[in-house]
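The structure appears right after this line, and notes come after that.
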Amino acid sequence: MILENNGRKIIIGGNISEEIEAPEKETEDPKEILYNICQTISEGGYNPISQLVGYIISEDPTHISNYKNARTLIGRIDRDDLLEDMVQTYIESLENQFGKKETQENDD
């Protein structure tokens with residue numbers, strides 16, 4: 001019998017109990033996952049932008065097509081981190097387009 005607890009596998013057989021370390025899962029790149037989701041949604045004939053906007057606003061994964069498990073994949077990405085990264089990237093693209101402006105401090 002194999003039991004898993006906190007990343008450790010415990011193998012129990014007969015009168016023998018042995019504890020081994022489970023291999024660590026590779027960290028998945030959220031950007032790569034998002035790219036794959038967009039490709040899958042487009043391949044299924046859907047609009048990835050409208051589906052992602054619906055998901056981000058509502059936090060409801062049913063806004064994402066289930067085509068080729070895209071809905072399951074979106075669950076691997078933290079929604080708040082996704083939104084933060086998207087806003088940061090958008091602001092950086094605006095800075096590249098318009099030039100970074102220095103902010104002025106209020107004297108209030």
Exercise for the section: Check step by step if side chain to side chain donor-acceptor pair (under 3.5 Å) holds for Glu43 and Gln39. Expected result: CA-CA 6 Å; Glu43 183 182 308; Gln39 294 299 309; over 6 Å; no

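One distance of note links OG of Ser93 with CZ of Phe98; it measures 9.0 Å at 0.5 Å rounding. Atom CG of Leu34 sits about 13.5 Å away from atom CZ of Arg76, to the nearest 0.5 Å. The line from CG of Leu94 to OG1 of Thr89 is 11.0 Å long, rounded to the nearest 0.5 Å. Between the CG atom in Asn66 and the CD1 atom in Ile74 there is a gap of 12.5 Å [rounded to 0.5 Å]. The line from CE of Met86 to NZ of Lys31 is 11.5 Å long, rounded to the nearest 0.5 Å. Between Asn47 atom CG and Leu52 atom CG the span is 9.0 Å, to the nearest 0.5 Å.
Nearest approach of Arg71 to Ile64, heavy atoms of both residues: NE-O, 2.9 Å. Nearest heavy atom pair, residue Leu73 against residue Ile33, reads O-CG2, 3.7 Å. Residues Ser58 and His63 share a closest heavy-atom pair of OG-CD2, 3.0 Å. Among all heavy-atom pairs drawn from Ala70 and Ile41, the shortest one is CB-CG1, 4.2 Å. Nearest heavy-atom pair, Ile77 versus Pro30, reported as atom, atom and distance to 0.1 Å: CD1-O, 3.7 Å. Closest heavy-atom contact between Thr40 and Lys68: CG2-CB, 3.6 Å.
A continuous path of Ile, Leu, Val, Met, Phe, Trp and Tyr side chains, each step under 4.5 Å between heavy atoms, connects Leu83 with Ile37, placing both in one hydrophobic cluster.
Of the possible polar contacts, none joining the Asn69 side chain to the Thr72 backbone as a donor-acceptor pair under 3.5 Å is found.
Residue Tyr35 qualifies as open at atom OH: its count of foreign heavy atoms under 6.0 Å is 12 or below.
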